[in-house]
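In what follows, a structure is listed as structure tokens, so that the remarks can point back to it.
Just so you know, ligand 1 is whichever comes first in the structure, and atom 1 is the first atom listed for that ligand. These figures come from a predicted structure and were not determined experimentally.
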Amino acid sequence: MARYTRIAGSIALITLKNPPVNALSAAVRQGITDSVGRALSDPEVEAVVLCGEDGKFCGGADIKEFARPMTGPGLVPMIDAIEAGEKPVVAAIEGVALGGGLELALACHYRIAHYKARLGLPEVTLGLIPAAGGTQRLPRLIGVPAALDLITTGRHVSAHEALKLGIVDRVTDRNTLELAVEFAKSVSGQPLAPRRLSTRQPSCPTDLDSFLEGAMLRVRQRARGAIAPVACVQAVRAAATLPFSQGMEQEKELMASLFTSAQARAMQYCFFSQRTVGRWSMPSGARWDNSKAQPIHKAAVIGLGTMGRGIAVSLVQAGIPVVAVEMETKQLEVAKHAVTSILEREAQKRGKEPKLGLIHFSIDLQDLREVDLVIEAVFEDMALKKQVFRELSSVCRPNAFLCTNTSSLDVNQLAAATRMPELVVGMHFFAPAHVMKLLEVVYGPRSSPVAVATAMQLGKRLGKVSVAVGNCHGFVGNRMLMPYMEQSVFLLEEGATPEQVDQALEEFGFPMGVFRVSDLSGLDVGWKVRKGLGLTGPGVAPGESARIRQGRRYCPLPDLLCKQGRLGQKTGKGWYLYDKPGGRVAKSDPWLHNFLEEYRSQHGLQAHPVSQQEVLERCLYSLINEGFRILEDGIAAGPEDIDTIYVFGYGWPPHRGGPMFHAGAVGLPTVLEKLEHYSQAHPDIPQLQPSSLLRRLVTAGSPPIHKWREVVKTVHSQL
Ligand SMILES: CC/C=C\CC(=O)SCCNC(=O)CCNC(=O)[C@H](O)C(C)(C)COP(=O)(O)OP(=O)(O)OC[C@H]1O[C@@H](n2cnc3c(N)ncnc32)[C@H](O)[C@@H]1OP(=O)(O)O
């Protein structure tokens, strides 16, 4: 709803009231419509101030209403009435003005923002366009290039950037409402026509066509297959080339085709999943709302390789003092130089001073005595990590939280090496750790709820999307990746090329196919893991067949490439060829194609044409199947957790919701049928055998994804 009050004699104050973000629900739209009508018809009112309760202007249209039939007044007529009114309306923007919230502010004749406010049109991240006039008014206010940037990326801008761009008229560190009221009085009686954005001409680049073509190319590259960014460009083109009313018609048509699309559903599911994972729970019954996080005043990172450096940068950027530890002076100096450069570069990008004073570099573990939390990021070796945890346990305060950044090792074994195993959790960051949004918080059987709550809270402070997961090899993300990667190399044995597999995955929407990713991260990473698991190297029993391990099919191709020194981009060759070591542009490598042919003939393998459909079904359904096993095992609390991990950490296209959402969208019976088909064709690949949870869900009539937890619960209660 909206509250109407009269203040300072002649000012009508309209306050949006819909906690927590004053979203524009039907009741709020009705409240605004009624209040604006009242203010315009009251002869004693000279001007209007529009604000939001509790320091938040407006978080936009009410996303929860999107799935229901529309009721109440429409957003567009409400907004148009404000702009057309004969009394000045000033938006007092505190907190957020996002989506429909910013569109509402754009219809006001003046905008005043608190310096901490954030503004933006994030509809594209929900699979939509800003269709309450945002695509038509913003270009008319700040010009086509700047508007296109905001609309196609959905990024939020600070109040100061908004002022520079011309979105707001004033930024204040005073009481925004008081200033807005003073301002409203000062502009009362001034002509309103120039303030109505719908009447302005947008400023366009001289080469508009080529500018828009370039923009279209970029959005298509950035999010392959996503339809909303394309519609954003089309809507802004309409703003640049058509009169306002026709532009609005186009905006409406484009929105109509997006609103009910599968992509919009998927992206809105992602939005709510991100919030669902914040309400974490553990099988013990510990939850986000009954476990209290401890404050972290000072942290430490031990091991300053690529991951440790990124984690240290993340902590410093969040304003947390850090002790950064390496074992030897020489390594410490190299790391210090690298971390300082990243901090300086990142600060420059944000127009801020680097917080170099917050980081202390050391080779002395005694420097960790005062810290509240340590994140270990040493080499991925169990014996070494255990040694580090033993030392940390004796050096650190008894109540210090000890976290490991391991990507797959057993957190419980590390906990066992300490005096306080309940204070040990995994904090699995993703490279580069200061950029990637995902954090897997891994709890072992002995991790205390306080330790989990503290790691989750710290993740939030670092700006991460934190997901609490159970302890198993590879946790959630990497565990699901294993069958996916296995399928991709099996497909090479059967006749596919890396190019074909990558193309299929990239057309599905991944930014990079599996082989390009492998070249980028280095083939030796997986090689080391496989050695550790006894799948290759000295751990393999003598006489064991090259293509069978532990009784199941194994593909030695990645190991063979590693043995030849083909480790990916860093050596200039891997699955692809690069112009030099460290080169980034992947080219097809005839050597590799010959190598594959020789390998197949050596092992008596008959190559057959592999279709794009087979690539997708085998790679994606084996990954999804593992996701069902993870749910069955209680390693992830729900499908939303898995999907959030994949969208934020593994490049799963958000417009496809995440692997588990995708399974639901394809249809669980179809996924089951395909897995049955492929597992019959490949009985030596157990990962293709459908999980019992998938079977149960299909038997239960394939309920919608938000009901899966109930089926999982019945599985657990029967165990
Ligand atoms: C014709 C169509 C015209 C316009 C279309 C639109 O306006 S689409 C909506 C555009 N707006 C957005 O995309 C903003 C979405 N919200 C956010 O980005 C953040 O929630 C926000 C506002 C920055 C606040 O972040 P914070 O971290 O403080 O809170 P949190 O995200 O946990 O949200 C708190 C609860 O509010 C719910 N919520 C947030 N925004 C909306 C919304 N627009 N509609 C409905 N509900 C919203 C959110 O789900 C949380 O509730 P919970 O029950 O915990 O899930």
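For Asn175, there are no side chain to side chain donor-acceptor pair (under 3.5 Å) partners two or more places apart in sequence or in a different chain.
In this structure, Tyr650 and Tyr646 have parallel ring planes: the angle between them is below the 30° cut-off, well short of the 60° mark.
Aromatic rings of Trp708 and Phe628 (six-membered ring for Trp) have centroids within the 6.0 Å cut-off, being under it. No close placement of the Phe648 and Phe430 rings is indicated, their centers lying 6.0 Å or farther apart.
For the atom pair Phe272 CZ and His706 NE2, the distance stands at 13.0 Å (nearest 0.5 Å). Distance check, rounded to the nearest 0.5 Å: CG of Leu16 to CD1 of Ile32 gives 4.0 Å.
Residues with a heavy atom under 4.0 Å from ligand 1: Pro20, Val21, Ala23, Gly59, Gly60, Ala61, Asp62, Ile63, Lys64, Phe66, Leu75, Leu98, Gly99, Gly100, Glu103, Arg118, Pro122, Glu123, Leu126, Met255, Phe271, Phe272, Arg275, Arg279.
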